[in-house]
Amino acid sequence: MKKEKISIIVPCYNEEESLPIVYKELNKVSKEMSYINFEYLFIDDGSKDKTLNILRKLAKKDKRVRYISFSRNFGKESGMYAGLENVTGDYVAIMDADNQDPPNMLKIMYFSIKEEGYDCAALCSPNYFGYNKIRKFFTKVWYNIFGKISSTYQVPGARDFRLMKRKMVNSIIKMQEYNRYSKGIFSFVGFKTKWIDYNIPNRIAGTSKFNFWKLFKYGIEGIIAFSTAPLVMSAIVGLIFCLIAFAAIILIITKTLIYGDPVNGWPSLVCIIIFVSGVQLFFLGVIGMYISRLYLEVKQRPKYIISETEKDDRND
Ligand code: UDP
Ligand code: MG
């Protein structure tokens, strides 16, 4: 019988320290799962360190190793998409290059799909173990908000680490959007997913590429991509303000008819004007965010640009 093939996508950005360790770990797993063919596709996301050199060397000595090197840093989302578009396996895994997604979990994931009839096995850390206190707090708040305002269900603490059947991968590739929020996309395409709890280990080497600001922007991206609630909210707030204004008009007319027309109250008027214009500008900004995503989608820019792959190197 023909051996099945698992492709492993590893997005890498400045991972020279952890890459060799992850490669070793992957090799250990592939030895233990000798009944499977493996393909490793590393995505060098415009790294400025020796990541690409390491990948060239690995690809030379190991035919299972493939790599795609981007012309600049396009972000992890583009890396994952490029990986999904270019792998050839019957099953596809996405895994970080820092051992926080431990390769040895692949065995459990594979058996969940193979024997329990799932289409996908994914890892989550619902207690956000491994995150620092501030990240834990904001991640929890974000998942709560997302859960309330989006119809796309999001498992708390979901990681990108997952093993999927080819049919699921093909559906994800069909979702061509430029502003990608993969956790939402994985959930949107459906399919039976088994969630496996685990405690996220610390990075084996190097540092996190996601600071607070980057995560915040990513969170906003997710909300804009999978919820229109902020737009509905702006309409509701607008309506509430109209009702308040209507009540205030009646109150002022009645007061003037009873007590005459003393010229006072301008400080409160200034406060009201500033407050209302603030609310207006805020919601204009919210609408602007949706329009800007629309603008980027319409331009249909490529999600990534390749500067080199292992094929260039092997043809030399
Ligand atoms: N990564 C990437 N492009 C980027 C930032 C990160 O390909 O612009 C990769 C990174 O090399 C790692 C994965 O995405 O394999 C997750 O990044 P990181 O470990 O820094 O994030 P964290 O685990 O702290 O959320
Ligand atoms: Mg990490």
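Numbering of ligands and ligand atoms starts at 1, following listing order. Atoms considered below: every heavy atom in the structure, side chains included; atoms not considered: hydrogens, waters and symmetry mates.
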Next on the checklist: Ring centroids only, cut at 6.0 angstrom: are Phe210 and Tyr13 within range, meaning strictly under it?
Outcome noted: no
Checklist entry - Would you say Glu85 and Lys303 make side-chain contact, with heavy atoms under 4.5 Å? => result no
Item to check | atom 4 (C) of ligand 1: the protein heavy-atom neighbour that sits closest, reported with distance to 0.1 Å | outcome: Asp45 OD2, 3.4 Å
Item to check | Residues forming a side chain to side chain donor-acceptor pair (under 3.5 Å) with Lys28, sequence neighbours excluded | outcome: Glu25
Item to check | Side chains of Val87 and Ile9 in contact at under 4.5 Å (non-hydrogen atoms) | outcome: yes
Item to check | Per-residue contact class, Lys209 against ligand 1 - non-hydrogen pairs under 4.0 Å | outcome: both
Next on the checklist: I need the protein N, O or S atoms closer than 2.8 Å to the Mg ion (ligand 2), given as residue plus atom name.
Outcome noted: Asp98 OD2, Gln100 OE1
Next on the checklist: Tell me the protein heavy atom at minimum distance from atom 9 (C) of ligand 1, and give that distance in Å.
Outcome noted: Pro11 O, 3.6 Å
Next on the checklist: Quick check: do Phe226 and Ser187 have side-chain heavy atoms less than 4.5 Å from each other?
Outcome noted: no
Item to check | Nearest-contact summary for atom 17 (O) of ligand 1 - protein heavy atom, Å | outcome: Phe210 CE1, 3.7 Å
Item to check | Student check: side-chain heavy atoms of Phe212 and Arg135 closer than 4.5 Å | outcome: no
Checklist entry - Just heavy atoms, cut-off under 4.0 Å: does Asp98 contact ligand 1 by side chain, backbone, both, or neither? => result side chain
Next on the checklist: I'd like to know if the side chain of Ser30 pairs up with that of Arg64 as donor and acceptor (distance under 3.5 Å, no hydrogens or angles considered).
Outcome noted: yes
Item to check | Location of contacts on Asn14 toward ligand 1, heavy atoms closer than 4.0 Å | outcome: neither
Checklist outcome for this item: Closest heavy-atom pair, Phe146 versus Thr152, reported as atoms and distance to 0.1 Å, is CE2-O, 3.4 Å
Next on the checklist: So Tyr81 and Phe74, do their side chains get closer than 4.5 Å, heavy atoms only?
Outcome noted: no
Checklist entry - Counting heavy atoms only, which of Lys214, Gln100, Arg203, Lys76 is nearest atom 18 (P) of ligand 1? => result Arg203
Checklist entry - What residue and heavy atom of the protein are closest to atom 16 (C) of ligand 1, and at what distance? => result Asp96 OD2, 3.3 Å
Next on the checklist: Any non-hydrogen side-chain atom of Val65 less than 4.5 Å from a side-chain atom of Glu310?
Outcome noted: no
Checklist entry - Does ligand 1 have a heavy atom under 4.0 Å from the side chain of Arg135, from its backbone, from both, or from neither? => result side chain
Checklist entry - Does the pair Lys76/Asp96 count as a salt bridge with the N-to-O cut at 4.0 Å? => result yes
Next on the checklist: Considering non-hydrogen atoms of the protein only, which is the closest contact for atom 10 (C) of ligand 1, and what is the distance?
Outcome noted: Glu15 OE2, 3.2 Å
Next on the checklist: Give me the residue, atom name and distance of the protein heavy atom closest to atom 8 (O) of ligand 1.
Outcome noted: Asn73 ND2, 3.1 Å
Checklist entry - So is Cys12 close enough to ligand 1, meaning a heavy atom under 4.0 angstrom away? => result yes
Checklist outcome for this item: Within 4.0 Å of some non-hydrogen atom of Gly75, the atoms of ligand 1 are 3 (N), 8 (O)
Checklist entry - What is the closest protein heavy atom to atom 1 (N) of ligand 1, and at what distance does it sit? => result Tyr13 CB, 3.8 Å
Item to check | Side chain proximity check, Tyr40 to Tyr67, heavy atoms < 4.5 angstrom | outcome: no
Checklist entry - How far is atom 24 (O) of ligand 1 from its nearest protein heavy atom, and which residue and atom name does that atom have? => result Ser208 OG, 2.5 Å
Next on the checklist: I'd like to know whether the aromatic ring centres of Tyr118 and Phe191 sit less than 6.0 Å apart in this structure.
Outcome noted: no
